[in-house]
Number of protein chains: 2
Amino acid sequence: MDTNELPANVLDPDCPSRVIFQRIGDKWASLVVQVLADGPIRFSELRKMVHVVTPKVLTQTLRTLERDGLITRTVHAQVPPRVDYELTELGTSLLEPLTLLRLWAEDHVPSILEARDAYDDAKDEAVLGG
Amino acid sequence: MDTNELPANVLDPDCPSRVIFQRIGDKWASLVVQVLADGPIRFSELRKMVHVVTPKVLTQTLRTLERDGLITRTVHAQVPPRVDYELTELGTSLLEPLTLLRLWAEDHVPSILEARDAYDDAKDEAVLGG
DNA sequence: TTCATTGGTATCCATGAGGTAACTAAGTTC
DNA sequence: GAACTTAGTTACCTCATGGATACCAATGAA
C-alpha cells in the first residue's frame with residue numbers, strides 16, 4: 001500500500017477492500033476456495049464437490065478467482081480436455097481466515113437455529129397477545 | 001449439535017451452516033456487525049457509519065441479524081424515538097473470525113489489484129497476438 | 001398551527017446474479 | 001461414421017436484492 005494513501009477500510013464504500021471483502025461473500029467463490037484447499041482439482045470434480053452449481057456459474061466464479069490471483073488455471077493438451085485449478089499462494093493465505101469463519105458457522109448453527117425459533121415464538125406471542 | 005446428526009458442513013447444500021456461512025457474505029450484514037464492535041449504536045448513526053445504505057435495506061439487515069441472535073434491538077420510549085442496536089455474545093463471537101477476514105482483505109488489496117492488472121494485460125496481449 | 005426529529009414503512013422499479021437448456025470442439029473408441 | 005468424453009460457451013429467462021422516493025407516527029418547540 002502506498003503510504004500516501006489512507007489505510008484500507010472496508011467501511012469506506014470507495015475503498016477496494018470493501019469490494020474484495022464482499023467478493024469473499026460471493027455465493028460460490030469461498031466454497032470453491034475451500035474445496036481447492038485439498039489440492040489441484042479439475043473442473044468436473046469441482047462441480048461434484050461444490051454440488052449443484054451450473055457450469056456457467058462455476059466458470060464465472062473460477063474466472064473471477066483467477067483474475068484476482070487466488071487460483072491458477074492449467075490446461076492440459078489432451079482430448080478430452082483436462083483443466084486443473086489450484087490455489088495460488090495468495091489463495092492459500094485466504095484459506096486461513098476463511099476456515100476460521102467456516103468453523104464459526106459450523107459451530108454456531110445450533111445457537112442460530114435456536115435464536116430463530118425464539119424470535120419466531122416471540123412474534124407469535126405478540127400476535128396472540130395483541 | 002445432536003450426536004446423531006452429521007457434522008455441519010458448508011459444502012453440503014442441505015446443511016444450515018451453508019446458509020449461515022453465506023449470510024455472513026451478505027452485502028451489509030458483516031459491515032454492520034463490524035460497526036457494532038465499538039458498542040451500541042442507534043439507527044441513524046449506523047446509517048452514517050455504513051454509508052449510503054437506504055433505511056429499508058438497513059432495516060432488513062438488522063431484522064435478520066436480530067432474528068439470528070447476533071444483535072439486540074432496544075427501543076427507548078422517547079420522542080423522537082431512540083433505538084439502540086448492540087451485539088449479543090453470539091454476535092461478538094462472530095467478530096473475531098470476521099475481523100481476521102477484514103484484515104486479510106485490507107492487507108491484500110494491493111496484491112489483488114496487481115493480479116487484476118496482470119490478468120488484463122495478458123488478455124490484451126492474447127488479443128494482439130491472435 | 002406548522003415544523004423538526006427519529007425510526008422506520010409502503011410502493012414501485014431496475015439491475016444483475018444465477019438458473020436452464022442447447023450447443024461446440026476435437027480426438028478416441030466402437 | 002456415430003457416440004462418448006470434458007470443459008466449457010451461448011442465448012434466454014426468472015426472481016430476489018437492493019435502490020429511490022414518498023410517507024407516517026408522536027411529540028415538543030417556535
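Just so it is clear, the structure is predicted and the values come from calculations on it, not from any experiment. In the text below, chain A, chain B and the rest are named by the order of the sequence lines, each starting its count at 1.
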S.K.: Does anything in residues 64-88 of chain A reach DNA chain D, meaning a heavy atom under 4.0 Å, and if so which residues?
M.R.: A/R73, A/P80, A/P81, A/R82, A/V83, A/Y85
S.K.: Can you check the A/E45 CD to D/dG8 C1' distance for me, whole Å?
M.R.: 16 Å
S.K.: Just how far, in rounded Å, is C1' of D/dT6 from CG of A/L62?
M.R.: 14 Å
S.K.: Determine, using the 4.5 Å side-chain heavy-atom cutoff (strictly less than), whether B/L95 and A/W104 are members of one ILVMFWY cluster.
M.R.: yes
S.K.: Just to be sure I understand the rule, does A/S44 reach a base, reach only the sugar-phosphate, or reach nothing, if contact means heavy atoms closer than 4.0 Å?
M.R.: sugar-phosphate
S.K.: Heavy atoms of chain A, cut-off under 4.0 Å: which first and last nucleotide of DNA chain C, 5' to 3', fall inside that, if you could look?
M.R.: C/dG18 to C/dG27
S.K.: What contact category does A/K27 fall into here, base, sugar-phosphate, or nothing, at under 4.0 angstrom with non-hydrogen atoms?
M.R.: sugar-phosphate
S.K.: Can you measure A/R47 atom CZ to D/dG8 atom P for me and round it to whole angstrom units?
M.R.: 11 Å
S.K.: Can you check side chain to side chain donor-acceptor pair (under 3.5 Å) on A/Y119 and B/R67, steps first, answer last?
M.R.: CA-CA 6 Å; A/Y119 186 87; B/R67 180 181 131 102; over 6 Å; no
S.K.: In whole angstrom, what separates B/R23's CZ from D/dA16's C1'?
M.R.: 13 Å
S.K.: Mind calculating the distance between CG (B/L31) and P (D/dT17) to the nearest angstrom?
M.R.: 17 Å
S.K.: Side chains of B/H76 and B/D84: is there a donor and an acceptor less than 3.5 Å apart?
M.R.: yes
S.K.: State which residues pass ring-ring contact (aromatic ring centres under 6.0 Å, His included) with B/W28; sequence neighbours excluded, sorted by chain then number.
M.R.: none
S.K.: Whole-Å distance between D/dT6 P and A/I41 CD1?
M.R.: 14 Å
S.K.: Are A/R63 and D/dT9 close enough that a side-chain N or O sits under 4.0 Å from OP1 or OP2?
M.R.: yes
S.K.: Return yes if some donor-acceptor pair links the side-chain N/O of B/E106 with the main-chain N/O of A/V10 below 3.5 Å, else return no.
M.R.: yes
S.K.: Find the distance A/L58:CG to D/dG8:C1' and express it as a whole number of Å.
M.R.: 10 Å
S.K.: Please check if atom CD in A/E89 has more than 12 non-hydrogen atoms from other residues, nucleotides or ligands closer than 6.0 Å.
M.R.: no
S.K.: Using whole Å, what does the distance between atom P of nucleotide D/dG18 and atom CH2 of B/W28 come to?
M.R.: 9 Å
